[in-house]
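Note on naming: letters A, B, ... go to the chains in the order of the sequence lines (proteins, then strands), and numbering restarts at 1 for each one.
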Amino acid sequence: MQCSSYWFCPDVWTAVILLILCRFRGCVSHLKINKYYTIKSEMAKDFPTRAENYAQWYNDLVIKADMAENSAVRGCMVIKPYGYAIWEKMQAALDKMFKDTGHVNAYFPIFIPKSFFSKEASHVEGFAKECAVVTHYRLKNDPDGKGVVVDENAKLEEELIVRPTSETIIWDTYRNWIQSYRDLPLLINQWANVVRWEMRTRLFLRTAEFLWQEGHTAHATAEEAIAETEQMLNVYADFAENFMAVPVLKGVKSPNERFAGAVETYCIEALMQDGKALQAGTSHFLGQNFAKAFDVQFLSKENKLEYVWATSWGVSTRLMGALIMAHSDDHGLVLPPKLAPTQVVIIPIYKTNEQLAAITEKVDIIVKNLKAKGITVKYDDRDTYKPGWKFNEYEFKGVPVRLAIGPRDLENGTVEVSRRDTLEKSSFQIADIETKIEHLLQSIQDNLFQKAVDFRENMTTKADTWEEFVDLLDNKGGFILAHWDGTPETEQEIKEKTKATIRLIPLDARPEEGRCILTGKPSSRRVVFARAY
RNA sequence: CGGGAUGUAGCGCAGCCCGGUAGCGCGCUUCGUUCGGGACGAAGAGGCCGCAGGUUCGAAUCCUGUCAUCCCGACCA
């Protein structure tokens, strides 16, 4: 078959994807200005401050820091090398944590037979409206002119769904893998892309296609499955706090916000600088819902046939959005050292080739010693850009530490050290610099986390009356701790009135008698409300 | 699906009302001077003006159609 169109190269078959229905997404809400915003720098050319326009600031940052861009396909992004390098660091850290907790990786197909979807009722309901569907497997030359058209003769017997998540195909597969309690637990993770046909998209935060990992485990008992669900939630929280330097709240979702098909959804929730919450990871206890839907049973030690207990858990490239919004400032991206593709950049300042050679000689030693400590370092000796240009470039890209070495430093045996988080500059003696840098990186990591913790504490407020609640939402934002009568109807009504949702019911919530913020009915503990991404 | 707007160089835009064959800034190329926070000068390269019709001697500009994108709204893992 010939293909005259350069953008499409069908060799054996090609999928045609139909969009099933559109779903409206709530509009991005307003921004709040708070004291954590800094004054605009003249150096960040054409780059809005967070206070001016938070949404624009985020969009520009992602693009100008060269992390991602929009693609020819609406709603889908191209993750550029710098952005992908950060994602790879995240993957590496998470993957190790998964392996350390006994999980193994596997890969399941991107296409799911349509019939699989209808086997778990609430699961279908949750995802049906945002599924892309493959209906045909071949193109042909347009008989009337140029280009190609769908070959109507190549219609699939059964349509295929492009996975929005993989529970169905995985459980259909697990049925054949599990017969006995000896086959359990089954602890599998996969790194994959998924597609959820979103109407309103934003780079990293909500895209039609995104990258993620999804863990799917099978257990002999409910207790064990719940323990797994909680363990993975803790892994996520650990990762968020120790690698991303983003503090998170841990809790369970209200029924309204629960994953389609789950018995209980646990989540970690982070707070962004504009006072909006961002769900950063979820871990689901699926009960026996999928086991029953896909008939996955095992013989127990007692020789009884039982349905297995399941969990699933995932984090996605949305974490990139969380990372960006948590730390970055009006000068650009700020990266925690543990996730920065380049932790230290070294810039030579010179006029003559002789000076450059002398600097390079010193730098080579520093590079070698930093690398020996496991620090990723880049010596940018390009002569096609000036030092000032490079300073701005790396500052905007969030490189945690910058070293500059010029003729003056050579004379004094010093290096200019500049840290991205505080923008402070100081002069270090070159001797034993690698140890100082090592400590500096740790202190940047710690400082970013502490700043984020302080911010969250300042932005977490109790509300005891409806007026207080609304006032906080409109004028302060952040997490609001309030009483709720526990009914979905009340949550729905609050959402309709304020656009705020229950982000989670804290795992460590202390019992506290109170009255529901909306209905005045009795409540036994506070839950966390916020407007969210 | 309703309401509004926009498609002109890689990016951001002007030109359109009042038709005469396209311009500005950034970026890019070359040369020279520069180089401790985005350098300066000079010389260059780059555009079926979203697409298809129509009006006209002549269309980026006027008319019709069409496609695409963005924003706003009917409310959702």
Side-chain angles (χ1 to χ4, degrees), chain A residues 19 21-29 41-47 55-56 59-60 63-64 69-75 122-131 145-147 164-165 167 194 196-202 206 210 212 253-262 265 267 279 281-282 284 312 314 316 318 331-332 347-353 355-356 359 381-397 402-412 414-418 420 423 425 427 491-493 495-499 501-504 532-533:
Chain A
L19 166 60
L21 273 175
C22 311
R23 164 140 47 140
F24 168 73
R25 284 276 163 193
C27 70
V28 179
S29 87
S41 153
E42 289 185 18
M43 281 181 281
K45 285 180 181 170
D46 306 321
F47 181 57
Q56 191 66 44
N59 292 339
D60 284 14
I63 288 167
K64 291 184 178 173
E69 63 187 35
N70 285 305
S71 70
V73 182
R74 184 194 150 85
S122 57
H123 193 66
V124 209
E125 201 193 328
F127 286 106
K129 282 181 266 184
E130 48 191 8
C131 285
K146 340 155 204 168
T165 179
E167 272 77 6
V194 288
R196 297 179 187 179
W197 210 273
E198 302 285 353
M199 285 295 98
R200 289 277 171 85
T201 60
R202 290 188 71 190
R206 174 169 283 127
F210 55 90
W212 77 345
K253 286 293 187 192
S254 65
N256 286 7
E257 299 276 325
R258 197 175 280 155
F259 174 74
T265 287
C267 65
Q279 177 177 295
T282 49
H284 314 289
S312 70
S316 71
R318 190 176 221 215
H331 300 265
I347 297 170
I349 294 153
Y350 61 93
K351 288 183 187 170
T352 65
N353 284 335
Q355 283 175 334
L356 176 62
I359 291 165
D381 61 351
R382 288 177 297 175
D383 60 0
T384 44
Y385 293 95
K386 295 180 60 186
W389 192 94
K390 293 176 186 174
F391 287 1
N392 284 287
E393 168 85 356
Y394 293 110
E395 185 168 293
F396 202 85
K397 288 186 152 190
R402 183 189 72 225
L403 306 184
I405 303 185
R408 285 208 300 273
D409 292 300
L410 286 186
E411 278 176 32
N412 304 333
T414 57
V415 184
E416 184 192 83
V417 179
S418 172
R420 178 62 184 88
L423 296 169
K425 280 198 273 198
S427 197
E491 181 181 7
Q492 189 59 30
E493 194 178 335
K495 189 173 177 179
E496 280 162 17
K497 287 188 159 141
T498 64
K499 285 184 174 158
T501 50
I502 296 174
R503 298 320 302 158
L504 53 76
Y533 276 97

Worksheet item: If you measure from the P atom in B:U8 to the same atom in B:C70, how many Å do you get, rounded?
Response: 14 Å
Discussion item. For a quick test of reading the model: is some side-chain N or O of A:Arg200 closer than 4.0 Å to OP1 or OP2 of B:C76?
Written reply: no
Discussion item. Can you tell me how far apart CG (A:Leu410) and CD1 (A:Ile349) are? Round to the nearest 0.5 Å.
Written reply: 10.5 Å
Worksheet item: Within 45 degrees of the axis of the six-membered ring of A:Phe127 and under 6.0 Å from its centre: does A:Arg196 put its NZ or CZ there?
Response: no
Worksheet item: To the nearest angstrom, how far is A:Ile347 atom CD1 from B:G38 atom C1'?
Response: 12 Å
Item to complete: Taking only the side-chain heavy atoms of A:Pro387 (C-beta and beyond), determine which of B:C35, B:C76, B:G37 contains the nearest atom.
Response: B:C35
Worksheet item: Quantified in whole Å, what is the C1' atom distance between nucleotide B:C57 and nucleotide B:C71?
Response: 42 Å
Worksheet entry | From B:G36, B:G37, B:C76, nucleotide with atom closest to A:Glu395 side chain | B:G37
Fill in: Separation of the C1' atoms in B:A59 and B:G19, to the nearest angstrom
6 Å
Practice prompt. In whole angstrom, give the distance that lies between atom CD of A:Gln492 and atom C1' of B:C76.
Written response: 9 Å
Worksheet item: Is there a donor on the side chain of A:Arg74 or the base of B:A68 sitting less than 3.5 Å from an acceptor on the other?
Response: no
Discussion item. Students often get this wrong, so: under 4.0 angstrom with heavy atoms, is A:Lys253 touching a base, only sugar-phosphate, or nothing?
Written reply: nothing
Worksheet item: Does any nucleotide pair with B:A52 by Watson-Crick or G-U wobble geometry, both distances under 3.5 Å, and what is it?
Response: B:U64
Fill in: A:Met199 CE to B:A74 P, straight-line distance once rounded to whole Å
16 Å
Worksheet, complete the sentence: In whole angstroms, the gap separating P of B:G27 from CG of A:Asn392 amounts to 13 Å
Discussion item. Could you tell me how far B:G10 sits from B:C49 if I compare only their P atoms? Round to whole Å.
Written reply: 12 Å
Item to complete: Just call it for A:Ala260: base, sugar-phosphate, or nothing, with non-hydrogen atoms closer than 4.0 Å on any strand.
Response: nothing
Worksheet item: Which distance, rounded to the nearest 0.5 Å, do you find between the CZ of A:Phe391 and the NZ of A:Lys386?
Response: 11.0 Å
Response to the item:
Atom CD of A:Gln56 and atom C1' of B:G12 are separated, to the nearest Å, by 13 Å
Worksheet entry | P atoms of B:G7 and B:A14, separation to the nearest Å | 7 Å
Item to complete: Go through the steps for A:Phe47 and A:His331 under the test ring-ring contact (aromatic ring centres under 6.0 Å, His included), then give the verdict.
Response: CA-CA 8 Å; A:Phe47 181 57; A:His331 300 265; 9.1 Å; no
Practice prompt. Mind calculating the distance between CD (A:Glu130) and C1' (B:C75) to the nearest angstrom?
Written response: 14 Å
Worksheet item: Atom CZ of A:Phe47 to atom C1' of B:C11: distance rounded to whole Å?
Response: 17 Å
Worksheet item: If you check the A:Arg402 side chain, which of B:A77, B:C35, B:G37 turns out closest?
Response: B:G37
Worksheet item: Which part of the nucleic acid, if any, lies within contact of A:Pro407, taking any heavy atom under 4.0 Å across all strands shown: a base, the sugar-phosphate backbone alone, or nothing?
Response: base
Practice prompt. Can you label the angle between the A:Trp212 ring and the A:Phe210 ring as parallel, tilted or perpendicular, going by 30° and 60°?
Written response: perpendicular
All N/O contacts under 3.5 Å from nucleotides 39-48 of chain B to the protein, with atom names and distances to one decimal?
residue, atom, partner, partner atom, Å
B:A39, OP2, A:Lys386, NZ, 3.4
B:A39, O4', A:Lys386, NZ, 3.4

Fill in: Side chain of A:Phe391 - closest among B:G37, B:A77, B:C75
B:G37
Worksheet entry | P-based separation of B:A60 from B:G50 [nearest Å] | 10 Å
Worksheet item: In whole angstrom, what separates A:Asp383's CG from B:U34's P?
Response: 16 Å
Discussion item. Categorize A:Phe259 for me: base, sugar-phosphate, or nothing, with a 4.0 angstrom heavy-atom threshold over every strand shown.
Written reply: nothing
Worksheet entry | Nearest-angstrom distance, P atom, B:G15 to B:G20 | 14 Å
Worksheet item: Closest nucleotide of RNA chain B for A:Thr282 versus for A:Val415: which of these residues is on the 5' side?
Response: A:Val415
Worksheet item: With rounding to whole Å, what would you report as the distance between B:U61 and B:G25 at their C1' atoms?
Response: 23 Å
Item to complete: Please check if the side chain of A:Ser316 supplies one atom and the backbone of A:Arg318 the other of a donor-acceptor pair under 3.5 Å.
Response: yes
Discussion item. With a 3.5 Å cut-off and heavy atoms only, can you find an N or O donor on one side and an acceptor on the other between the side chain of A:Lys390 and the base of B:G36?
Written reply: no
Item to complete: Please identify each residue that fulfils salt bridge (charged side-chain N to carboxylate O under 4.0 Å, His left out) with A:Arg408, with sequence neighbours left out.
Response: none
Worksheet item: Got a salt bridge between A:Glu491 and A:Lys495, using NZ or NE/NH1/NH2 to carboxylate O under 4.0 Å?
Response: no
